[in-house]
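Next up is a structure, given as structure tokens.
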Amino acid sequence: MVALDNYTKKTVRFTDYVKQGESTMFDEIKIWEAACATCAATTFFKPATIMCGGVHRMFVDGALGTNNPVNQLWIEAQEQFQPLPLEPQIRCLLSIGTGRPPVTSLGDNVLSLMDSIKKIATETQETAETFHEMHQTLADRDGYFRFNPPCIDEVGLDEAGERALVAARTEAYINDPDCKRSMARFRDVNGQDESESNEAHLPTDAFRRTLYRK
């Protein structure tokens, strides 16, 4: 999970394993506290206050800059699996988006321009596309998948009444032939694991392999 330190505005990566050289400041953080920190969206929730190393620290949602935390994930993985190159060690990286925004112009007045800048700051699809381009060999061997329904980004965080719209568009997306083909390839890569005895192949829940979301 990632969040922003409310004081430094730096990205903090919450993990549940010991890392060499890391401060013990975050050792006492509970899972639900980290979840509150990564969900503390500005204007909707107050910053999450967490006791770290005997002092209270405040964290907010990491949407500005890390709304799609794939690059933070990559950096974290590189640190843990060095000195060997990371990409050959990856079986599959799965990204589940929160909706592709519609393509619009920047606008011709101050208000619409400011709204466009805000959307750009929290846009996740562009980050995903850039990551894909930078790791093309990983994607070409079906080591990276991105599933992201279109036009759901227009539904605000406070619009719980639009769940039917989200459900309908998501259903239409997963029934799209291109999406079905991508899901079939994903299942081929991750749908079954070979047992240690090589006697059977047991089906697994593919989405347990999700490494990041957004």
Side-chain angles (χ1 to χ4, degrees), residues 1-19 22-80 93-102 111 113-131 146-167 169-170 207-214:
M1 299 181 187
V2 298
L4 288 183
D5 186 293
N6 193 53
Y7 299 111
T8 66
K9 305 305 179 187
K10 298 292 185 180
T11 300
V12 175
R13 300 193 297 268
F14 295 111
T15 58
D16 62 351
Y17 46 86
V18 177
K19 294 186 284 187
E22 183 185 48
S23 168
T24 59
M25 180 169 285
F26 297 136
D27 287 357
E28 58 195 276
I29 294 180
K30 301 176 178 62
I31 292 178
W32 69 266
E33 291 177 320
C36 287
T38 196
C39 295
T42 306
T43 72
F44 290 98
F45 302 102
K46 295 180 180 179
T49 302
I50 302 175
M51 180 67 73
C52 304
V55 297
H56 285 97
R57 297 277 296 276
M58 298 178 68
F59 302 93
V60 297
D61 176 27
L64 293 178
T66 54
N67 206 32
N68 182 341
V70 61
N71 291 315
Q72 290 294 324
L73 170 69
W74 193 263
I75 293 170
E76 179 71 23
Q78 279 186 319
E79 292 176 354
Q80 300 310 307
L93 192 156
L94 171 63
S95 166
I96 301 177
T98 55
R100 290 197 301 270
L111 291 178
L113 181 60
M114 289 298 293
D115 184 58
S116 295
I117 292 174
K118 180 181 177 181
K119 290 179 179 178
I120 290 173
T122 58
E123 208 282 299
T124 65
Q125 184 63 19
E126 183 176 347
T127 300
E129 292 171 358
T130 300
F131 182 87
R146 168 79 171 172
F147 296 105
N148 195 22
C151 301
I152 295 178
D153 207 55
E154 66 190 69
V155 180
L157 292 177
D158 57 342
E159 296 176 336
E162 298 293 339
R163 286 178 295 178
L165 172 64
V166 172
R169 290 186 177 175
T170 301
F207 285 93
R208 284 183 298 178
R209 303 182 183 279
T210 302
L211 294 184
Y212 76 97
R213 182 183 183 191
K214 285 192 181 182

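Just so you know, these numbers use all the heavy atoms, side chains as well, and skip hydrogens, waters and symmetry mates.
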Practice task
Output yes when a side-chain donor or acceptor of T8 lies under 3.5 Å from a complementary backbone atom of K10, and no otherwise.
Solution key: yes
Practice task
Could you grab the distance from atom CG of L165 to atom CZ of R163, nearest 0.5 Å is fine?
Solution key: 12.5 Å
Exercise for the section: Nearest 0.5 Å please: distance from the CG atom of N6 over to the NZ atom of K46. Expected result: 13.0 Å
Handout entry: Side-chain donor/acceptor of T38 to backbone N/O of V2, under 3.5 Å
Key = yes
Exercise for the section: Assess whether side-chain contact (heavy atoms from CB on, under 4.5 Å) is satisfied between L93 and L73, documenting all intermediate values. Expected result: CA-CA 10 Å; L93 192 156; L73 170 69; 3.9 Å; yes
Practice task
Please round to the nearest 0.5 Å and tell me the distance separating atom SG of C36 and atom CD1 of I29.
Solution key: 11.5 Å
Handout entry: Beyond-backbone contact of M1 with R13, side-chain heavy atoms, under 4.5 angstrom
Key = no
Exercise for the section: For residues A40 and P47, report the shortest heavy-atom separation together with the two atoms involved. Expected result: CB-CA, 4.5 Å
Practice task
Please indicate whether K9 has more than 12 foreign heavy atoms, meaning atoms of other residues, nucleotides or ligands, lying under 6.0 Å from its NZ.
Solution key: yes
Completion exercise
The reported gap from CG in N67 to CG in D61 (rounded to nearest 0.5 angstrom) is 6.5 Å
Exercise for the section: Would you check if R146 and N68 make a side-chain contact, meaning some heavy-atom pair closer than 4.5 Å? Expected result: yes
Practice task
Answer whether the closest heavy-atom distance between the side chains of F147 and L94 falls below 4.5 Å.
Solution key: yes
Handout entry: Check: T130 side chain, E126 main-chain N or O, donor-acceptor pair, under 3.5 Å
Key = yes
Practice task
Measure the shortest side-chain to side-chain distance between N71 and T66 over non-hydrogen atoms and say whether it is less than 4.5 angstrom.
Solution key: no
Practice task
For residues L4 and F59, determine if any side-chain heavy atom of one lies less than 4.5 Å from a side-chain heavy atom of the other.
Solution key: no
Problem - Beyond-backbone contact of I96 with N148, side-chain heavy atoms, under 4.5 angstrom - result: no
Handout entry: Taking every non-hydrogen atom, the tightest pair across C39 and F45
Key = O-CD1, 3.5 Å
Exercise for the section: Identify whether the distance between the nearest side-chain nitrogen and carboxylate oxygen of E33 and R57 falls below 4.0 Å. Expected result: no
Exercise for the section: Go through I50 and H56 one step at a time and tell me if the side-chain contact (heavy atoms from CB on, under 4.5 Å) criterion holds. Expected result: CA-CA 5 Å; I50 302 175; H56 285 97; over 6 Å; no
Fill in the blank from the handout: The reported gap from OH in Y17 to CD in E76 (rounded to nearest 0.5 angstrom) is 3.5 Å
Exercise for the section: Please examine the side chains of P69 and W74, heavy atoms only from C-beta on, and report whether any two atoms are closer than 4.5 Å. Expected result: no
